[in-house]
Amino acid sequence: MTKNKEFGKTVKKTLVELEMTQRKLAEEVGVNENYLTDILNGRRSGKKYKTEIIHTLNKHKAQMF
């Protein structure tokens, strides 16, 4: 499995844990939903947005507690 696909798998798992949609994540990160889907499926590297994706998910995780 490539790093990009591993990243996508981890993000998808986290979205389930947070009960958050890809649409909501895309909106908060500031990318098109289709582009985010391509990143999460490993079709695009998404290098420019990975840090923001991680930051957004961590922010939501922190709010859970």
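Below, all heavy atoms of this structure are taken into account, side chains as well, without hydrogens, waters or symmetry copies.
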Heavy-atom count around [X] [atom1] within 6.0 Å, excluding the residue itself: above 12?
X     : atom1 : result
Lys9  : NZ    : no
Lys13 : NZ    : no
Arg43 : CZ    : yes

I need the [X] [atom1] to [Y] [atom2] distance, nearest 0.5 Å.
X     : Y     : atom1 : atom2 : value
Glu19 : His60 : CD    : NE2   : 13.0 Å
Gln63 : Asn58 : CD    : CG    : 11.5 Å
Tyr35 : Lys48 : OH    : NZ    : 8.0 Å
Gln22 : Glu27 : CD    : CD    : 13.5 Å

For this session: Please assess Leu36 against Val29 for the test side chain to side chain contact (heavy atoms under 4.5 Å, CB included), listing each intermediate value before the final yes or no.
Result: CA-CA 9 Å; Leu36 177 65; Val29 171; 5.9 Å; no
Problem set entry | Least distance between heavy atoms, Glu33 atom then Ala26 atom |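 Between these two residues, the closest heavy atoms are CA-CB, 3.8 Å.
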Problem set entry | Non-hydrogen atoms of Asn34 and Asn32 that approach each other most closely |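 Closest approach of Asn34 to Asn32, heavy atoms only: N-OD1, 2.6 Å.
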Problem set entry | side chain to side chain contact (heavy atoms under 4.5 Å, CB included) between Lys61 and Thr56, intermediate numbers included | CA-CA 9 Å; Lys61 274 187 154 183; Thr56 300; over 6 Å; no
Problem set entry | Among Ile39, Asn41, Leu40, side chain to side chain contact (heavy atoms under 4.5 Å, CB included) partner for Thr37 |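 Answer to the side chain to side chain contact (heavy atoms under 4.5 Å, CB included) test with Thr37 among Ile39, Asn41, Leu40: Asn41.
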Exercise. Are Lys24 and Glu28 ion-paired here, with the side-chain N under 4.0 Å from a carboxylate O?
Worked result: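 Salt bridge flag = yes for Glu28 with Lys24.
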Problem set entry | Candidate pair Leu57 and Leu25, rule side chain to side chain contact (heavy atoms under 4.5 Å, CB included), full reasoning | CA-CA 8 Å; Leu57 292 175; Leu25 178 60; 4.1 Å; yes
